Amino acid sequence: MKYYSTNGQEKNTSLEEAVTKGLASDKGLFMPESIKQLPKEFFDNMASMSLQEISYAVADAFFGEDVEKDALKKIVYDAMSFDIPIVKVEDNIYSLELFHGPTLAFKDVGARFMSRLLSYFIRKENNTGEVNVLVATSGDTGSAVANGFLGVDGIKVYVLYPKGKVSKIQECQFTTLGKNITAIEVDGNFDDCQRLVKSAFADKELNNAMKLTSANSINVARFLPQSFYYFYAYAQLQRSGKDKNVVICVPSGNFGNITAGLFGKRMGLPVKRFIAANNRNDIFLQYLNTGIYTPRPSVATLANAMDVGDPSNFARVLDLYGKSHEAICKDICGAAYNDGQISETIKQCYKANGYILDPHGACGYQALKDLLQDGETGVFLETAHPAKFLEKVEAILQTKVEIPERLQEFMKGTKQSVPMSKEFSDFKNYLLHK
Ligand SMILES: *Cc1c(COP(=O)(O)O)cnc(C)c1O
């Protein structure tokens, strides 16, 4: 399968190149040249298939031409080795719990898949040069990528995070690992971290000296695997006879997750429509309402992994629908909630159902409450475990939230990080002379 750039300048790129480059040379995002329909038998059999079996069938449609069958199967089975259960919260509303992976957030799926695929290409090329993954994080991406790539041969990971601006739990998840993971504590904010990473990708001298790639959701290897669990969600609904008029609601920031769902629909998954749930950073909702896309600086909210003012995967949504606002509005509607509403929702859902939402999932749940129509079954993606936002959720509910074992393990390690100024010259020097 060949990939092209959403900016139209780069075409006929191989999967390997798309994965190792991350972003296309014209700064566009890579898209697969075609999206295969899955056969009728697959949909007929889905209800009796496991998460790994379903994931492999979907992965084969994307990557089957470029990765040998056995290798691909191993990559998929290894990446998808935790459960993604669907839980009934109340009548017609289900939570797809994407937080049973190592760092308790959905980004584990893409990060684990990408690390294994990248490692496959490095081995296949018998390539001695190591690949350096740079990732800027406000919390969740860093932990998922660091854990997904931990101990993978031939790959070094640099996680750049803003000093004093990520939660204790998040910081522990990428500063205590060691091995091939280096945490870089930047004396600045998240935007400074992102700027350092972007400058590094654009720097000729650095790129001549070392192989650099990104593990954000712009990377096809992180983004496409997220389609796997949409199929699995549907299969689970089939088992309980709730597979008519399915509406899937996705708490969205950079829009990688929901775009993977839209790809699933294109492959034949019978989802009636999608809802993009936002916090106060409602650029996409404004676009749906007006047809005009106006990025603006992000504002900080309770659901901080969705604090994005210019969602990078919007380019993919536009491309998928031939830039037609009308076509996009047919498949997707939007909703947005402020912090007060998010808190209220967490309280209400706990009181009514005994189900603890995290601030991101709360946006998804509330959007279903507000927008689900008669005869529809709603599924929201619960993108993180509430314990990842412990202080916030406990303050809202006035009750203790249980911390899963895996999270407690991270808290025991010793923090190791490299202090860094926000000047690019310092970061560049560090990379060149490390
Ligand atoms: C990253 C993240 C999101 C947003 O996902 P996108 O793919 O960027 O839209 C939502 N919730 C949580 C918990 C996240 O970590």
Side-chain angles (χ1 to χ4, degrees), residues 29 84 95-111 113-114 135-148 161 166-167 169-170 173-174 190 194 214-220 222-230 248-264 274-285 298 301-317 332 334-337 342 346 356-367 380-390 392-393 407:
L29 276 70
I84 301 184
S95 167
L96 184 70
E97 293 187 346
L98 289 166
F99 55 65
H100 296 275
T103 73
L104 311 177
F106 82 93
K107 292 188 176 77
D108 283 327
V109 168
F113 185 92
M114 181 186 160
V135 57
T137 188
S138 53
D140 267 358
T141 303
S143 46
V145 169
N147 283 274
Y161 72 103
V166 303
S167 79
I169 290 178
Q170 286 174 327
Q173 286 182 312
F174 50 78
F190 171 67
Q194 193 136 43
S214 136
N216 290 89
S217 58
I218 55 167
N219 198 305
V220 286
R222 220 200 89 186
F223 146 74
L224 287 174
Q226 294 173 166
S227 60
F228 301 166
Y229 45 71
Y230 286 87
I248 300 190
C249 180
V250 189
S252 296
N254 256 326
F255 279 72
N257 206 2
I258 194 168
T259 307
L262 299 172
F263 271 65
F274 287 84
I275 302 173
N278 284 144
N279 56 27
R280 274 178 59 219
N281 297 282
D282 63 350
I283 294 88
F284 186 75
L285 178 62
S298 65
T301 76
L302 274 176
N304 63 1
M306 288 156 44
D307 294 349
V308 179
D310 185 7
S312 33
N313 287 288
F314 181 68
R316 284 192 168 117
V317 177
I332 318 168
Y337 300 99
I342 292 173
I346 293 175
I356 302 182
L357 296 162
D358 95 292
H360 306 80
C363 297
Y365 166 84
Q366 191 59 46
F380 67 96
L381 306 197
E382 184 37 301
T383 47
H385 191 288
K388 284 202 94 166
F389 306 92
L390 196 69
K392 292 172 184 169
V393 176
L407 212 48

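The structure displayed is predicted, hence computed values, not measured ones. First listed ligand is number 1; within each ligand, the first listed atom is number 1.
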Are K388 and D140 ion-paired here, with the side-chain N under 4.0 Å from a carboxylate O? yes
Using a 4.0 Å heavy-atom cut-off, say whether [X] meets ligand 1 through its side chain, its backbone, both or neither.
X: Q226; answer: neither
X: D140; answer: side chain
X: K388; answer: neither
X: P251; answer: backbone

Among all protein heavy atoms in this structure, tell me which lies nearest to [atom], with the distance rounded to 0.1 Å.
atom: atom 5 (O) of ligand 1; answer: F106 CZ, 3.4 Å
atom: atom 8 (O) of ligand 1; answer: N254 N, 2.8 Å
atom: atom 11 (N) of ligand 1; answer: T383 OG1, 2.8 Å
atom: atom 14 (C) of ligand 1; answer: K107 NZ, 2.8 Å
atom: atom 4 (C) of ligand 1; answer: G253 N, 3.5 Å

Polar proximity ligand 1 side, S217 side, N/O cut 3.5 Å exclusive: no
Among F255, F263, F113, whose ring pair (Phe, Tyr, Trp, His ring centres under 6.0 Å) with F223 holds? F263
Can you find a side-chain donor-acceptor pair between T383 and N257 that sits under 3.5 Å? no
Under 30°, 30 to 60°, or over 60°: which ring-plane class applies to F380 and Y365, parallel, tilted or perpendicular? perpendicular
In sequence, state the C-alpha distance, the side-chain angles, and the governing distance for S138 and D307, and then conclude on side-chain hydrogen bond (donor to acceptor under 3.5 Å, both in side chains). CA-CA 9 Å; S138 53; D307 294 349; over 6 Å; no
Please report the closest heavy-atom contact between T141 and R222, naming both atoms and the distance. CG2-NH1, 3.5 Å
Close-contact set for ligand 1 against [X] heavy atoms, below 4.0 Å:
X: N257; value: 7 (O)
X: A384; value: 13 (C)
X: M306; value: 10 (C)
X: G256; value: 6 (P), 7 (O), 9 (O)

Any sub-3.5 Å donor-acceptor pair from N147's side-chain atoms to S143's backbone N or O? yes
Could you tell me whether a side-chain N or O of N278 sits under 3.5 Å from a main-chain N or O of G334, the two making a donor and an acceptor? no
Passes side-chain hydrogen bond (donor to acceptor under 3.5 Å, both in side chains), N219 versus S214? Steps please. CA-CA 7 Å; N219 198 305; S214 136; 5.2 Å; no
